[in-house]
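Okay, structure first, notes after.
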Amino acid sequence: MTTLYIIRHGQSEANAAGILQGSLIDTPLSKKGQLQAKKVRDAFEKEMLHFDLVFASPLLRAAQTAAIISPQTTTVFDDRLKEFDYGDWDGQKVADIHRLFAEFFDEKKNLLPDSEKISHGDDFASVTTKLNVFLNELAVRYPTQDILIASHGFTIKLLLNAVLGINNLSALNEPDNAGLTKIELTTSTQTLVYFNRDLTN
């Protein structure tokens with residue numbers, strides 16, 4: 001069985017400033033984000049959990065998170081783990097996007113389908129398909145390994161869409177900064193064990 005420990009990066013400078021940060025915006029971890037990643041590392045060490053391999057988004061905030069949590073482990077950077085591309089919305093204030101394009105968000109501020117027609121960014125289906133291929137590759141290539149994955153909020157949400165077939169993504173919020181999700185894989189099954197666990201307190 002392949003066991004995935006999927007961590008959303010710690011708070012980034014853009015997160016702290018309320019800026020929408022997709023795959024086109026690349027800011028480092030804030031001091032708070034660095035501390036969050038260190039607390040996750042400490043929690044893993046306390047549980048004596050060690051990883052055979054790390055996969056990470058090449059974006060700085062995720063790469064830094066991976067390096068803090070498991071600095072001695074071989075890290076593979078995979079573009080499929082980059083954050084969802086918000087297109088023209090990337091780099092703008094989140095509050096402004098919610099106000100100007102309110103029809104693309106629900107009451108919980110979850111992004112709704114078809115925003116790419118306005119933002120010119122990614123669409124849910126194509127990203128979910130890429131992530132499903134990624135999961136299948138891991139199950140085949142690493143059938144007994146414990147793997148850390150450092151990625152991003154909306155990408156992790158779509159990864160869970162690949163596992164659970166949620167389709168109605170308003171039913172699931174993005175994980176918090178440094179929130180941990182665990183998934184177990186075989187070549188015929190994909191199972192969510194837990195979602196968005198907080199190891200920072």
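Predicted model only: the values in this text are computed from it and were never measured. Only heavy atoms go into these numbers, but all of them, side chains included; no hydrogens, no water, no symmetry mates.
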Candidate pair N196 and N173, rule side-chain contact (heavy atoms from CB on, under 4.5 Å), full reasoning: CA-CA 10 Å; N196 197 29; N173 292 326; over 6 Å; no
Supply the atom-to-atom distance [X] [atom1] to [Y] [atom2], rounded to the nearest 0.5 angstrom.
X: F55; Y: S151; atom1: CZ; atom2: OG; answer: 12.5 Å
X: S115; Y: D123; atom1: OG; atom2: CG; answer: 9.0 Å
X: L135; Y: R80; atom1: CG; atom2: CZ; answer: 9.0 Å
X: D52; Y: T3; atom1: CG; atom2: OG1; answer: 9.5 Å
X: Y5; Y: I183; atom1: OH; atom2: CD1; answer: 12.0 Å
X: D146; Y: M1; atom1: CG; atom2: CE; answer: 8.5 Å

Does [Y] offer a backbone N or O that forms a donor-acceptor pair with the side chain of [X] under 3.5 Å?
X: T129; Y: A125; result: yes
X: D85; Y: G121; result: no
X: D90; Y: L24; result: yes
X: N136; Y: N132; result: yes
X: T65; Y: G10; result: yes
X: T75; Y: T73; result: yes

Between D106 and K108, does any side-chain N to carboxylate O distance fall below 4.0 Å?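 A salt bridge is absent here (no side-chain N lies under 4.0 Å from a carboxylate O).
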Taking the basic N atoms (NZ, or NE/NH1/NH2) and the acidic carboxylate oxygens, is any pair closer than 4.0 Å for R99 and D96?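 Looking at D96 together with R99, the answer is yes, because their closest N to O distance falls below 4.0 Å.
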Greater than 12 external heavy atoms within 6.0 Å of E103's CD: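 Result for CD/E103: enclosed.
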Do the non-hydrogen side-chain atoms of [X] and [Y] ever get within less than 4.5 Å of each other?
X: D42; Y: K46; value: no
X: L172; Y: L160; value: yes
X: E83; Y: Q21; value: no
X: Y142; Y: L185; value: no
X: D114; Y: E116; value: yes
X: F44; Y: L180; value: yes
X: H9; Y: N177; value: yes
X: R8; Y: T181; value: no

List the steps and the verdict of side chain to side chain donor-acceptor pair (under 3.5 Å) for S12 and N15. CA-CA 5 Å; S12 69; N15 292 148; 3.0 Å; yes
Where do [X] and [Y] come nearest, in terms of heavy atoms and distance?
X: A14; Y: T27; result: N-OG1, 3.3 Å
X: R61; Y: D26; result: NH1-CA, 3.9 Å
X: A63; Y: F77; result: CB-CE2, 3.7 Å
X: L158; Y: V127; result: CD1-CG1, 3.5 Å
X: P143; Y: Q145; result: N-OE1, 3.4 Å
X: I97; Y: L20; result: CG1-CD2, 4.3 Å

Indicate, with yes or no, if [Y] and [X] share a hydrophobic cluster defined by side-chain heavy-atom contacts under 4.5 Å among Ile, Leu, Val, Met, Phe, Trp and Tyr.
X: I118; Y: F84; answer: yes
X: V40; Y: L53; answer: no
X: L59; Y: F134; answer: no
X: I7; Y: L49; answer: yes
X: I6; Y: V54; answer: no

Full working for side-chain contact (heavy atoms from CB on, under 4.5 Å) between L138 and I149: CA-CA 11 Å; L138 294 184; I149 294 178; 4.0 Å; yes
How are the rings of F154 and F124 set relative to one another: parallel (under 30°), tilted (30 to 60°) or perpendicular (over 60°)?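 Geometry flag for F124 against F154: tilted rings.
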Measure up the F101 and F104 rings against each other and bin them: parallel (under 30°), tilted (30 to 60°), perpendicular (over 60°).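 Rings of F101 and F104: tilted, as their planes differ by 30° to 60°.
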Given the rule in the side chain to side chain donor-acceptor pair (under 3.5 Å) test, do T200 and Q36 qualify, once you have shown the distances and angles that lead to the verdict? CA-CA 6 Å; T200 64; Q36 288 171 327; 5.4 Å; no
Pairs satisfying salt bridge (charged side-chain N to carboxylate O under 4.0 Å, His left out), at least one member in residues 171-200, at least two apart: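 The answer is none; no pair qualifies.
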Could you walk me through whether K31 and L35 pass the side-chain contact (heavy atoms from CB on, under 4.5 Å) check? CA-CA 6 Å; K31 289 184 178 179; L35 180 60; over 6 Å; no
In sequence, state the C-alpha distance, the side-chain angles, and the governing distance for N110 and K157, and then conclude on side chain to side chain donor-acceptor pair (under 3.5 Å). CA-CA 11 Å; N110 285 302; K157 182 171 176 170; 2.9 Å; yes
